[in-house]
Each structure stands twice: as structure tokens, then as C-alpha cells.
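Keep in mind it's a predicted model, so treat the numbers as computed, not measured.
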Amino acid sequence: MGSSGQQVSWKLADHPTLPKGKTLALIVLDGWGEYKPDEYNCIHVAQTPTMDSLKQGAPEKWRLIRAHGKAVGLPTEDDMGNSEVGHNALGAGRIFAQGAKLVDIALASGKIYEGEGFKYISECFEKGTLHLIGLLSDGGVHSRLDQLQLLLKGASERSAKRIRVHILTDGRDVLDGSSVGFVETLESDLAKLRENGVDARIASGGGRMYVTMDRYENDWDVVKRGWDAQVRGEAPHKFTNAVEAVKKLRENANDQYLPPFVIVDENEKAVGPIEDGDAVVTFNFRADRMVMLAKALEHQDFDKFDRVKVPKIRYAGMLQYDGELKLPGHYLVSPPEIDRTSGEYLVHNGVRTFACRPPSDDPQVKGGLMKLVSHSIHIL
């Protein structure tokens, strides 16, 4: 029985040319690929004698596979692959819609608003504030601006009357300096919502590598800086306008490392700290840099830093970021369900496997090729 419930034949036919009893190594080179040969292609201009010898020594065995776009379940051919996408796609044997595409489908069909997750947070709309936290970018690796725009529109049409957006500037998946344009676009969208009677504003911000978006528990201070701004309304920099904030802070830092800031009113009071009775959505669809914030928002016994203030909220992720921890417990879109992977077939056929990877990749090595390898030999 497969993990999706259907009857599965796990028997693998003998390989037509590869004899049994041989050791086979599959080595994944992160970030390595072929593209048009010009002076901007670092792999093309570099000296790569080993790869050249492999390619030229057995050209009939050299194959190129796509690691981006629709071939790996991303929405368009312009969407680049990344480690999470690769870990889900490797060894899956089929094309599974990745998180970004699942969110696109849910938003386009309107099903995102019919699910349990949205219903859960919408119960706060009458008296509370809807807070949206995530990466403000069109890079398509962790989030996309157009998805945030659709979520803002959909929530406002479904009784959300007070909305606060806590932005994280990019500069890593997109060009450094593009943050100003993204903030200007968002401010324009929020102004239109205000014209229609929705109290919608940017409440806080900071650069992704310095505020909130740490991963693998490397530096909890990154999450704490975000928590102080987003939840407590406290930050070393205060502005009345988010565009002004980003422009000013960029004088001494790039987009990735902007220090935390809060938006304040004429009385120097933060316009949007998270309070009791509010709803919170982290709108990144990629998991790795949202898990730590999700723990701080959801775990009652959290002890990684002093939260000082722990409001009673309703929290949902764009997707569930950790299936093993069931984190968060509520989410707007169901994550991809990947079953019948090559790892499962190897286990069922008694093939011994040895899988290793850097310790920092642990949260992602769970799909595709690596799934169920732990049933044989898995170095942690």
C-alpha cells in the first residue's frame, strides 16, 4: 500500500545493462548546470577538467535534465530551481506541483478561502487585525509579490478590515536595491485598500538575513529581532513611511541585511504590533526560513529567547512547513504529497543504501530520492 492509499507493486525489474551486486554512486552537484556559453557563465569559462573528461569520455551516456520550471513542478519556465525543489523532485519519478504552484492554483480557484486554515484565521477579522509576515519579492524562491497581492485582495473581500504587513526585504533571489520598488508597489496596493475602507498598512520590516528568516536554528537572534518588531512593536529604527525607511536604511546596508524597523504614527506609537485576538499568516511558501518563526509563534514551551510578550493569536502558514512536527498546525494550502519514491522502491526490494548530506540540510532531505532511506542506512 502506498502512502496515498492505493495498491502498489513494489517489485523492480532487473536493470537491462547494470549487473547486480555493483556499487552505484549518485552524486548531486548543487548549483551546477549547463546554460548558453558566454562570458557571464562561470561554469563555462572555468577550467573543469573532471567534468569535461566525463562528458567527452562517454558522450553517449551524457544526459541533460531540467532542474527548473514546469519540469520540476514550478509554475512557469522562468521559475528557477532551488534546494527544496530539488529535494522534492529527485527520485520522485513524476512531476509533483511544488509549493509555489499549489499556492497559485489555490488562489486562482479561490479554494484557499474555503479551506480550514483560512476559516480558522478569519474568525479574528471582526475584532482583530490580520498580520501578514513574509519576504517581499518576486524571486519565486520563498514567496512572490503577486501571491501577497491576491491574498490581500481576497482577505479584504472576506471581511478583513484591519491588515498589517510585516515585510522582509530580499536582495538575494532578486537584485539588491529592488526592495524600494517592491515597497512602493505594496504601498500603492494598500492605499487602494484604504480607499475602500480597509485599514491596511505596512507595520514593520527588515532584511531577510538579519531579521526573521534564519534557518536550521543557526542564530535565534535573527528571529528575535523580527519578533521584537512584529509582535512588540519595538525596533532601533522608527519611521512614518516604509519607502522612506528602506531608502534611508539602504545607505548603510544592502537589502538582505537591513536592520529592523517599525512604522509609527504621529505620536511615535507603532502602528501594527501583534496583539491578543489577532490573526497571523506567514506567506512564504518555502519552509526552511519560516520554521523558526513558526515555532516562536506556536510553541507554548518555547525557550530559545525571551519573547516578553506572547499574544493569544490564530496563526496559519501559507503551507505546513514541517510535516513531522505538524508545524504550523493550521495552514492555507496543503503541501505537496510525494509518495512511491525511488527510496521506497529500493527499501522494498532489499537494496542497501547509504545516504549522507550536510547536517544543515536535515529539514529538507525527506522527499524524492532520500525518502525512506532511513529504513536502511542513513548517516545523520
Side-chain angles (χ1 to χ4, degrees), residues 24-101 104 135-147 168-182 207-210 213 215-216 250 253-258 284-289 342 355-358 360-361 364-365 367-370:
L24 177 68
L26 174 64
I27 302 169
V28 180
L29 302 181
D30 190 7
W32 189 278
E34 287 200 11
Y35 194 53
K36 58 184 179 182
D38 57 29
E39 67 270 30
Y40 305 108
N41 184 334
C42 62
I43 293 176
H44 170 69
V45 300
Q47 296 294 318
T48 56
T50 300
M51 296 302 292
D52 292 344
S53 66
L54 291 172
K55 182 177 181 179
Q56 297 163 7
E60 74 282 359
K61 295 181 179 179
W62 187 268
R63 297 289 185 274
L64 293 179
I65 59 174
R66 293 184 182 274
H68 73 282
K70 295 180 179 180
V72 290
L74 294 169
T76 73
E77 296 300 346
D78 294 328
D79 291 305
M80 61 179 171
N82 58 67
S83 58
E84 185 171 65
V85 167
H87 288 142
N88 284 337
L90 274 172
R94 291 147 289 159
I95 298 176
F96 286 91
Q98 302 277 355
K101 188 170 183 178
D104 282 344
L135 187 67
L136 187 66
S137 170
D138 65 0
V141 176
H142 292 269
S143 67
R144 284 215 323 269
L145 174 60
D146 62 323
Q147 293 180 348
L168 302 167
T169 52
D170 193 351
R172 183 179 174 100
D173 302 323
V174 293
L175 290 175
D176 181 47
S178 59
S179 59
V180 176
F182 292 136
R208 56 176 286 176
M209 299 301 290
Y210 194 67
M213 283 178 59
R215 62 178 175 179
Y216 312 145
R250 273 190 49 77
N254 60 30
D255 285 352
Q256 294 188 62
Y257 289 95
L258 293 188
N284 284 17
F285 47 73
R286 178 166 164 170
D288 58 350
R289 294 189 183 273
S342 59
C356 60
R357 78 293 173 271
S360 62
D361 278 349
Q364 291 183 5
V365 183
L369 187 67
M370 298 298 189

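- Within the 4.5 Å cutoff, the side chain of F182 has heavy atoms near those of the V174 side chain.
- Counting only residues at least two apart or on different chains, no salt bridge (charged side-chain N to carboxylate O under 4.0 Å, His left out) pair has a member in residues 69-78.
- Under the rule for a salt bridge (Lys or Arg N to Asp or Glu O under 4.0 Å), D79 has no partner lying at least two apart in sequence or in another chain.
- Taking each heavy atom of D288 and Y216 in turn, the nearest pair found is OD2-OH, 4.0 Å.
- Within the 4.5 Å cutoff, the side chain of I27 has heavy atoms near those of the L29 side chain.
- Expressed to the nearest 0.5 Å, how far CZ of R66 lies from CG of L74 amounts to 12.5 Å.
- Annotation for A253 and Y257: closest pair CB-O, 3.7 Å, computed over non-hydrogen atoms.
- In this structure, Q98 CD and N88 CG are separated by 4.5 Å, a value rounded to the nearest 0.5 Å.
- Taking CG from L136 and OG1 from T169, the interatomic distance works out to 8.5 Å, rounded to the nearest 0.5 Å.
- Residues passing the side-chain hydrogen bond (donor to acceptor under 3.5 Å, both in side chains) test with N254, sequence neighbours excluded: none.
- A 4.5 Å side-chain heavy-atom check between L135 and R286 finds every atom pair outside the cut-off.
- Salt bridge present: D173 and R208 bring a charged side-chain N and a carboxylate O closer than 4.0 Å.
- Screening residues 44-58 for side-chain hydrogen bond (donor to acceptor under 3.5 Å, both in side chains), with sequence neighbours left out, gives E34-K55, T48-D52.
- In this structure, CG in L168 is found 8.5 Å from OG in S143, a value given to the nearest 0.5 Å.
- Residue S137 comes nearest to G139 through the heavy atom pair OG-N, 2.9 Å, listed as atom of the first residue, atom of the second, then distance.
- The shortest distance between side-chain heavy atoms of R289 and M209 falls below 4.5 Å.
- For R144, the salt bridge (Lys or Arg N to Asp or Glu O under 4.0 Å) test picks out D104, D146, with sequence neighbours left out.
- For the salt bridge (Lys or Arg N to Asp or Glu O under 4.0 Å) test, residues two or more places apart in sequence or in another chain that qualify with R250 are D176, D255.
- Annotation: the span from T76 atom OG1 to K101 atom NZ amounts to 10.0 Å, rounded to 0.5 Å.
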